[in-house]
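Each remark here refers to the structure printed beneath this line.
Worth saying up front: this structure is predicted, and the values here are computed from it rather than measured. Just follow the structure's listing: the first ligand is 1, and inside any ligand the first atom is 1.
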Amino acid sequence: MSSPAGNPPRPGAAASRYGRIELRGVRAVGRHGVYPEERADGQEFVVDAVLELDLTPAVETDSVAATVNYADLADRIARRIEGEPVNLIETLADEIAVDCLADPRVRGVEVTVHKPHAPVPRTVSDVAVRVYRRRPIQVVVALGANLGDRPAALQRAVDALAAAHPVVAVSPVYETEPVGGPPQPPYLNAVALLEAAAGPYDILTLAQIIEAAAGRTREVRWGPRTLDIDVICYGDLVLDDPRLTLPHPRAAERAFVLAPWHAVDPAAVLPGHGRVADLLRRLDTSGIRRRDDLHLAVPAGTGAPVPGGTAAQAGGSSGHAAGHTAVAPGALP
Ligand SMILES: Nc1ncnc2c1ncn2[C@@H]1O[C@H](COP(=O)(O)OP(=O)(O)OP(=O)(O)O)[C@@H](O)[C@H]1O
Ligand SMILES: Nc1nc2c(c(=O)[nH]1)N=C(CO)CN2
């Protein structure tokens, strides 16, 4: 990160500092409206924009280049007000929200468009529309099983996760030698990419409920299990909590996590560690083998549209992994 004006980097905690930039009362004259006189005469519009973003780079560098410059933002909003007229303030608010999200650092935005002099046949002090837009948060979960009907356990896990969160993609299945723990049978491992429909602790709780439903017991550390679901990351959230550590503290050294993740998303990055492809290259992968005879289905009605259309076609929920359509590697939005 650059550090103009000679400011040294400012040391900080490892955790992200999420925050908001609030810009209120951006005023300009526009010609938005349904009525011809609104188009002809124009009137004042007032916009408030609240941006959610990680302020860590700004705080660490004390550089305006590391954040959203609110002066530029005000200018963009005013130009949008003065620009091509639209009928509805809903449309104007949405256009401004889309503008705000064009900056990849912005996680979410709340835009309010006020039209205080709107033609209303009664006395009103203001008319306003507020829209919210949030970038979806990608969650990566790792699945493992080495007892019982392993493919069925993995498929049931995907189905149960998909009932609560859109599943964007599921990796190929890998047969892997156990890492750590007592002597035990080989694992099947896979990775699922979800769009978070809840907070990180809700996802952990759901994972533990699904594990319990699969008969998971915990007798020995790293012992054999009917099903294991680890939360590998929740966007780039960093959490240093023994109940939920994010990213998963051992993910970077586990080929049985990184190989399936890389297969389903070759551009993946493990927050704080770098590209999964690079991490994987440094690991011993001799104990893992892709099982192309097994496929985990993304249940119908979940997932994002995928170029080539394989994300949500297969039937799912059958409890059997073999024969279903896997999402093509690299087929992510
Ligand atoms: N990112 C995470 N994903 C899942 N569990 C986590 C995470 N961070 C902390 N935990 C906690 O770890 C505890 C042990 O989890 P679990 O029994 O699944 O471990 P394990 O799979 O045997 O080992 P490992 O954590 O090395 O994968 C859980 O009670 C859970 O609260
Ligand atoms: N091959 C393999 N080894 C493991 C696995 C796993 O899923 N696959 N999970 C562990 C604890 O989560 C410990 N060791």
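- In the hydrophobic clustering of this structure, Leu244 groups with Ile203; members are Ile, Leu, Val, Met, Phe, Trp, Tyr whose side-chain heavy atoms approach within less than 4.5 Å, directly or through other members.
- Residues Val46 and Val131 fall into different hydrophobic clusters, defined by Ile, Leu, Val, Met, Phe, Trp and Tyr side chains chained together at heavy-atom separations under 4.5 Å.
- The nearest protein atom to atom 6 (C) of ligand 1, hydrogens excluded, is given as Arg243 O, 3.8 Å; this is a heavy-atom distance.
- At least one heavy atom of Asp230 sits less than 4.0 Å from an atom of ligand 2.
- Checking only distances, Asp241 never comes within under 3.5 Å of ligand 1, N or O to N or O.
- Residue contact check for ligand 2: Arg250 places no non-hydrogen atom closer than 4.0 Å to it.
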- [ ] Might you work through the side chain to side chain contact (heavy atoms under 4.5 Å, CB included) test for Val168 and Leu194, ending with a clear yes or no?
- [x] CA-CA 5 Å; Val168 175; Leu194 319 177; over 6 Å; no
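- Nearest protein neighbour of atom 23 (O) of ligand 1, counting heavy atoms only, is Trp222 NE1, 3.2 Å.
- Results of the salt bridge (Lys or Arg N to Asp or Glu O under 4.0 Å) test with Arg80 over Asp75, Asp94, Asp99 single out Asp99 as the only residue that passes.
- When hydrophobic clusters are built by joining Ile, Leu, Val, Met, Phe, Trp and Tyr residues whose side-chain heavy atoms come closer than 4.5 Å, directly or via intermediates, Val34 is not grouped with Val29.
- The closest approach between any non-hydrogen atom of Pro178 and ligand 2 is below 4.0 Å.
- At the shortest separation from atom 12 (O) of ligand 2 among protein heavy atoms lies Asp228 OD2, 3.0 Å.
- A salt bridge links Arg27 and Glu44; the closest N-O separation between the charged side-chain nitrogens and carboxylate oxygens is under 4.0 Å.
- Listed for the Asp202 side chain is a donor-acceptor partner under 3.5 Å among the backbone atoms of Gly199.
- Regarding atom 2 (C) of ligand 2, its nearest protein heavy-atom neighbour is Tyr187 CD1, 3.4 Å.
- Within the 4.0 Å heavy-atom criterion, the part of Asp228 lying near ligand 1 is the side chain and not the backbone.
- Residues Phe45 and His32 place their aromatic rings such that the two centres sit under 6.0 Å apart.
- Heavy atoms of Ala207 come nearer than 4.0 angstrom to ligand 1 in no pair at all.
- Of the protein's non-hydrogen atoms, Asn189 ND2, 2.8 Å is the one closest to atom 7 (O) of ligand 2.
- Under 4.0 Å from ligand 2, the heavy atoms of Arg225 that appear belong solely to its side chain.
- Closest heavy-atom contact between Leu283 and Ala255: CD1-N, 3.6 Å.
- Residue Arg216 holds the heavy atom nearest to atom 19 (O) of ligand 1 of all those in Arg250, His248, Arg216, Arg221.
- Here Leu204 has side-chain heavy atoms under 4.0 Å from ligand 1, and that is the only part of it that gets that close.
- When Glu211, Arg225, Gln208 are ranked by how near their heavy atoms come to atom 20 (P) of ligand 1, first place goes to Arg225.
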Task: Test side chain to side chain contact (heavy atoms under 4.5 Å, CB included) applied to Leu204 and Arg243, step by step - done: CA-CA 9 Å; Leu204 176 71; Arg243 197 175 142 229; 4.2 Å; yes
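- Summary of contacts: the protein heavy atom closest to atom 12 (O) of ligand 1 is Pro242 O, 4.3 Å.
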Task: Trace of the side chain to side chain contact (heavy atoms under 4.5 Å, CB included) decision for Glu38 with Lys115 - done: CA-CA 11 Å; Glu38 294 183 289; Lys115 192 178 177 184; 2.8 Å; yes
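- Given atom 6 (C) of ligand 2, the protein heavy atom at minimum distance is Phe256 CE1, 3.3 Å.
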- [ ] Check the pair Val68, Leu53 against side chain to side chain contact (heavy atoms under 4.5 Å, CB included), reporting the backbone distance first and the verdict last.
- [x] CA-CA 9 Å; Val68 175; Leu53 68 166; 3.8 Å; yes
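- Scanning the protein heavy atoms around atom 1 (N) of ligand 1, the nearest turns out to be Val231 O, 2.8 Å.
- For Arg216 (side chain) and Leu227 (main-chain N/O), a donor-acceptor pair under 3.5 Å exists by modelled atom type.
- In this structure, the protein non-hydrogen atom closest to atom 14 (C) of ligand 1 is Arg218 NE, 4.5 Å.
- The shortest contact between atom 8 (N) of ligand 1 and any protein heavy atom is with Thr245 N, 2.8 Å.
- Nearest protein heavy-atom contact of atom 14 (N) of ligand 2 is Val179 O, 2.7 Å.
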